[in-house]
K.L.:
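Would you mind keeping the following structure in view while I ask a few things?
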Amino acid sequence: MPKYEPFYDIVLETDIVGGTIGVTGSYEYNSGASGIMKLQDAGVTIENVEIVKASDKSAVMSLTSGKISGVNADYLTQTFEIESVALKEGSFFAKRLADGQIDVIALLKESAMTSLEDDSTTEPASPVSTIPAPTYLVKEVVLDTFSIQITDEAAPTPTELALDEVSLVATNIQSEPGSQLGLLLGATIRSGGTIAVDGSVSLQPIVEGTFSINLNEIALEVGNPYISEFADIQLNSGNLTVGGNTGITLIEGTPSGNFAGDVVLTNLNVVETDLGQELVSLTAMRIEGIEAELDPMAIKIAGITLTDPRATVLINEDGTINLKQALRIQEELPTDGATAEDTVAANEAAEIEETSAMGLPFPISIGSITLENVGAILTDRSISPTVNLGLETLSGTISGLSSEELARADLDLVGTLTGGTQMAITGKINPLIEDRYSDVEMSFKGFNLTAVSPYSGKYAGYALDKGKLSFDLKYKISQSEMTGENLMIIDQLTLGNKVESEDAMNLPIPLAVSLMKDRDGVIEIDVPVSGNLNDPEFGLGRVIGRAVVNIITKLITSPFSMLGGLIPGGADVDLSQVSFVPAATELDDDIIKTLELLANALDE
């Protein structure tokens, strides 16, 4: 084949450095009145072909054998037919250059490109022409044992994408409008995984096709060079499996389509790029019963199951959070004159504003989300000594999620925190609508407060030697209005050494603790909260913190008023004073009742 270079050199900037070609067939030609110009039963065989770039001799394509058989053409009737095209054991190489161009396309010489452009603007034949419209039929095209290698030099980090064992069978390729082209494709991804596609497509008058797709155990690490453009994370492992049926239609450039099937993600491990610290891991995520439409967009999912999801959250010395840094999410950092509380409130307000506008632009429904053994670790290095907290396990279901305005999903979760603290979360939610809705109850039992002693030292001025916290929370959000109840019970709270801290509250904490304890050493605090989530000044942490401080302040400044709330019937009674008539030897009933309430309160 190299000796035929003058014929292809005018089109391609390539060299054929090896290979043989053979041609067989017969033709019939008659220029008489009947006119005959036919090619009959022709065939072409090619063997051991190697094509390289003319510039640097790098490989473009190789082919061990190729055969085109059963070629028949009739010029006068404008018909063209091929029985079979079979290509075996070939390789194809291409590059996406740094400027985004595809090098194989660039191999077309400028003169050839100009010729193609000229042909595309050629005036159509006169309507009075007697030459019929051309028709074609290729009964079968078979590619067997091919490899395709694409080098992407435009990626943030140049990378290589490759397919091996590529096989393709295409049948019934013809010009007849409405005809169905059959397609069967299989390949092995060099980095891991397989691809199988089986279906049919019609190319005219509109593009319309249906396919069965099976992507099995696709290794996701191949996407790392592209992820680095948007985030400082790396996939150490992860496999994607997709199975289902899809349809696609293209009318005047506008696509529509659908997909029905399942998606499974397994063995996911995501780390931070620089230090390699684990951020997220997952044994499996199964998304089953997907029904998706493209135009109009709509998604319906039967169920999602998350197995062993884990997250590692690190708060650095400067208060930044590793997950936000890795995802390049900008945080509001403290400015001159702003307190840490102001900064936290600003970040809370930003997050509330973002999630409040979460309404989806298309309908979606999820039958159930099942959580199996969720876990998380929180390490806070912004405080000394470092605090380590963990969610050891969380399991349960969220059933009936939907973007319909009146839909309410049932929430039922149970779990365990570090140290054996039991937790339960139940209620109804809808986070998929613009005006989020939730009516949730949360309970935590027996949390060991010594685990958060560094926070007590910083903000209360005293370490914690002993104490267990239990609390019941009730929160309801509707139309952006939030109301909440926070009932906290602290058992056997014992303060430790005093801690010098600029952030500590200027309150006599030991006195407050003593006054709040009942005779069994139990402290009970009820903190109701309310607010509008759209209010930029609203921050849940700030509201609860101020409420607790107000309770302590009131307890210290008006202890008898607080004592009345400890007993039934005493909430509206002023125990700070007892009035009586001078020189009287007996007290009236109201005064006796007040003294009895005071005695009961002190006893408690």
K.L.:
Could you give me the CA-CA distance, side-chain angles and deciding distance for Asn267 and Ser237, then say whether side-chain hydrogen bond (donor to acceptor under 3.5 Å, both in side chains) is met?
P.N.:
CA-CA 6 Å; Asn267 301 320; Ser237 64; over 6 Å; no

K.L.:
Tell me, do Thr421 and Asn448 make a side-chain contact under 4.5 Å, heavy atoms counted?
P.N.:
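They are not in side-chain contact.
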
K.L.:
Please tell me if the side chains of Ile213 and Asn245 come closer than 4.5 Å, counting only heavy atoms from C-beta onward.
P.N.:
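They are not in side-chain contact.
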
K.L.:
A quick test of your reading: do over 12 heavy atoms of other residues, nucleotides or ligands sit less than 6.0 Å from NZ of Lys458?
P.N.:
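Buried by this count: over 12 neighbours within 6.0 Å.
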
K.L.:
Testing Leu371, Thr416, Val374, Leu417 for side chain to side chain contact (heavy atoms under 4.5 Å, CB included) with Thr393, which one passes?
P.N.:
Thr416

K.L.:
Main chain of Lys466, side chain of Thr450: is a donor-acceptor contact present, judged purely on distance under 3.5 Å?
P.N.:
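Not confirmed, Thr450 side chain does not pair with Lys466 backbone.
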
K.L.:
Do Phe471 and Ile489 make a side-chain contact, defined as non-hydrogen atoms from C-beta onward lying under 4.5 Å apart?
P.N.:
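Side-chain contact under 4.5 Å: no.
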
K.L.:
One thing to verify: whether Asp410 and Lys428 come together as a salt bridge, which I'm taking to mean a side-chain N less than 4.0 angstrom from a carboxylate O.
P.N.:
yes

K.L.:
Would you say Thr320's side chain and Asn316's backbone share a donor-acceptor pair under 3.5 angstrom?
P.N.:
no

K.L.:
Below 4.5 Å, heavy atoms only, C-beta onward: do Glu372 and Thr305 meet side chain to side chain?
P.N.:
yes

K.L.:
Could you pull out the closest heavy-atom pair between Phe362 and Ser403, with the gap in Å?
P.N.:
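Phe362 and Ser403 have their closest heavy atoms at O-OG, 4.0 Å.
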
K.L.:
Heavy-atom count check: over 12 atoms from other residues, nucleotides or ligands less than 6.0 Å from Lys445 NZ?
P.N.:
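For Lys445, atom NZ is crowded (more than 12 foreign heavy atoms under 6.0 Å).
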
K.L.:
Using atom types as modelled and distance alone, determine if a side-chain donor or acceptor of Ser438 lies under 3.5 Å from a backbone N or O of Val440.
P.N.:
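Pair absent, no side-chain N/O of Ser438 close to backbone of Val440.
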
K.L.:
Determine whether Leu469 and Phe444 make a side-chain contact, defined as any pair of heavy atoms from C-beta on separated by less than 4.5 Å.
P.N.:
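They are not in side-chain contact.
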
K.L.:
Assess the residue pair Asn258 and Glu291 against the criterion (side-chain hydrogen bond (donor to acceptor under 3.5 Å, both in side chains)); give the C-alpha distance rounded to whole Å, side-chain angles, the decisive distance to 0.1 Å, and a yes or no.
P.N.:
CA-CA 7 Å; Asn258 58 73; Glu291 297 178 15; over 6 Å; no

K.L.:
Would you indicate whether Arg408, at its atom CZ, is surrounded by more than 12 heavy atoms from other residues, nucleotides or ligands within a distance under 6.0 Å?
P.N.:
yes

K.L.:
Between Asp232 and Gln325, does the side-chain hydrogen bond (donor to acceptor under 3.5 Å, both in side chains) criterion hold? Intermediate values first, please.
P.N.:
CA-CA 8 Å; Asp232 298 319; Gln325 285 184 314; over 6 Å; no

K.L.:
Using 0.5 Å steps for rounding, measure from the CD1 atom of Ile366 to the OG atom of Ser399.
P.N.:
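Result: 11.0 Å between the selected atoms.
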
K.L.:
Checking Asn224 side chain against Gln234 main chain: does a donor-acceptor pair fall under 3.5 Å?
P.N.:
no

K.L.:
For residues Glu272 and Asn322, is any side-chain donor paired with an opposing acceptor at under 3.5 Å?
P.N.:
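Glu272 vs Asn322: no donor-acceptor pair found between side chains.
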
K.L.:
How far apart are the closest heavy atoms of Pro363 and Met297, and which atoms are they?
P.N.:
CD-O, 3.4 Å

K.L.:
Please examine the side chains of Val513 and Leu495, heavy atoms only from C-beta on, and report whether any two atoms are closer than 4.5 Å.
P.N.:
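A side-chain contact exists here, since the closest heavy-atom pair is under 4.5 Å.
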
K.L.:
If every non-hydrogen atom of Ala504 is compared with every non-hydrogen atom of Ala460, which pair is closest and at what distance?
P.N.:
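The answer is CB-C, 4.1 Å.
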
K.L.:
Establish, for the pair Arg328 and Phe230, whether the NZ or CZ atom is under 6.0 angstrom from the six-membered ring centre and no further than 45 degrees off its axis.
P.N.:
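Negative - Arg328 is either too far from the ring of Phe230 or too far off its axis.
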
K.L.:
Could you measure the distance from the OG1 atom of Thr210 to the CD1 atom of Ile248? Nearest 0.5 Å is fine.
P.N.:
11.5 Å

K.L.:
Nearest 0.5 Å, what's the CG-CG distance between Leu268 and Leu220?
P.N.:
7.0 Å

K.L.:
Tell me if a side-chain donor or acceptor on Ser470 pairs with a main-chain N or O of Gly446 at a distance below 3.5 Å.
P.N.:
yes

K.L.:
Set out, in order, the CA-CA distance, both residues' side-chain angles and the distance that settles side chain to side chain contact (heavy atoms under 4.5 Å, CB included) for Ile429 and Tyr437, then state yes or no.
P.N.:
CA-CA 5 Å; Ile429 61 172; Tyr437 175 88; 5.8 Å; no

K.L.:
Begin from the C-alpha positions of Met285 and Val264 and carry the test side chain to side chain contact (heavy atoms under 4.5 Å, CB included) through to its verdict.
P.N.:
CA-CA 6 Å; Met285 178 178 70; Val264 179; over 6 Å; no

K.L.:
Using a 3.5 Å distance criterion without hydrogens, assess whether the side chain of Asp526 forms a donor-acceptor pair with backbone atoms of Glu485.
P.N.:
no

K.L.:
Kindly indicate, with the supporting measurements, whether the criterion side chain to side chain contact (heavy atoms under 4.5 Å, CB included) is fulfilled by Ile189 and Leu163.
P.N.:
CA-CA 5 Å; Ile189 302 175; Leu163 299 176; 3.7 Å; yes

K.L.:
Identify the residue among Val263, Asn214, Asp262, Asn216 that makes a side chain to side chain contact (heavy atoms under 4.5 Å, CB included) with Val242.
P.N.:
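Exactly one candidate clears the test, Val263.
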
K.L.:
Hey, is the main chain of Val522 close enough, under 3.5 Å, to the side chain of Asp491 for a donor-acceptor pair?
P.N.:
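Judged by distance alone, no pair lies under 3.5 Å.
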
K.L.:
Test Glu160 against every option in Arg190, Arg96, Lys95 by the salt bridge (charged side-chain N to carboxylate O under 4.0 Å, His left out) rule and name the one that passes.
P.N.:
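Checked Arg190, Arg96, Lys95 against Glu160; only one passes salt bridge (charged side-chain N to carboxylate O under 4.0 Å, His left out): Arg190.
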
K.L.:
Mark yes when over 12 heavy atoms from residues, nucleotides or ligands other than Glu404 sit less than 6.0 Å from its CD; otherwise mark no.
P.N.:
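Check fails, neighbour count at 12 or below.
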
K.L.:
Near Ile377 CD1, under 6.0 Å, is it more than 12 heavy atoms from other residues, nucleotides or ligands?
P.N.:
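Not more than 12 within 6.0 Å, no.
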
K.L.:
Can you find a pair of side-chain heavy atoms, one from Tyr226 and one from Asp152, that are under 4.5 Å apart?
P.N.:
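Sidechains of Asp152 and Tyr226: in contact.
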
K.L.:
Could you tell me if the side chain of Leu394 sits less than 4.5 Å from the side chain of Val414, heavy atoms only?
P.N.:
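In short, these two side chains do not touch, never coming nearer than 4.5 Å.
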
K.L.:
Which heavy-atom pair separates Gly496 from Asp465 by the least distance, and what is that distance?
P.N.:
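For Gly496 versus Asp465, the nearest heavy atoms are CA-OD2, 3.3 Å.
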
K.L.:
Decide side chain to side chain contact (heavy atoms under 4.5 Å, CB included) for Leu282 and Leu306; before the verdict, give the C-alpha distance in whole Å, the side-chain angles of both, and the deciding distance to 0.1 Å.
P.N.:
CA-CA 8 Å; Leu282 181 75; Leu306 296 170; 4.3 Å; yes

K.L.:
Got a second to check how far Tyr459's OH is from Asp503's CG, nearest 0.5 Å?
P.N.:
5.5 Å

K.L.:
Before giving the answer on side-chain hydrogen bond (donor to acceptor under 3.5 Å, both in side chains), spell out for Tyr475 and Asp439 the whole-Å C-alpha distance, their side-chain angles and the decisive distance to 0.1 Å.
P.N.:
CA-CA 6 Å; Tyr475 280 86; Asp439 188 355; over 6 Å; no

K.L.:
Which heavy atom in Ser228 sits nearest to a heavy atom in Pro225, and how many Å separate them?
P.N.:
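Closest approach of Ser228 to Pro225, heavy atoms only: OG-O, 2.8 Å.
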
K.L.:
Within the distance-only criterion (no hydrogens, no angle test), does the side chain of Thr418 pair as donor or acceptor with the backbone N or O of Gly390 below 3.5 angstrom?
P.N.:
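Flag set: sc Thr418 to bb Gly390 pair under 3.5 Å.
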
K.L.:
Taking Thr188 for its side chain and Thr194 for its backbone only, find out whether a donor-acceptor pair lies under 3.5 Å.
P.N.:
no

K.L.:
Do you know which two heavy atoms are closest between Pro156 and Glu229, and how far apart they sit?
P.N.:
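Nearest heavy atoms, Pro156 then Glu229: CG-CB, 3.6 Å.
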
K.L.:
With rounding to the nearest 0.5 angstrom, report the CG to CG distance, Asp308 to Asn373.
P.N.:
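So the gap between those two atoms works out to 4.5 Å.
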
K.L.:
Without swapping roles, check the side chain of Ser443 against the backbone of Asp472 for a donor-acceptor pair under 3.5 Å.
P.N.:
no

K.L.:
For the CG atom of Leu389 and the OG1 atom of Thr379, what is their distance to the nearest 0.5 Å?
P.N.:
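Here the rounded value is 8.5 Å.
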
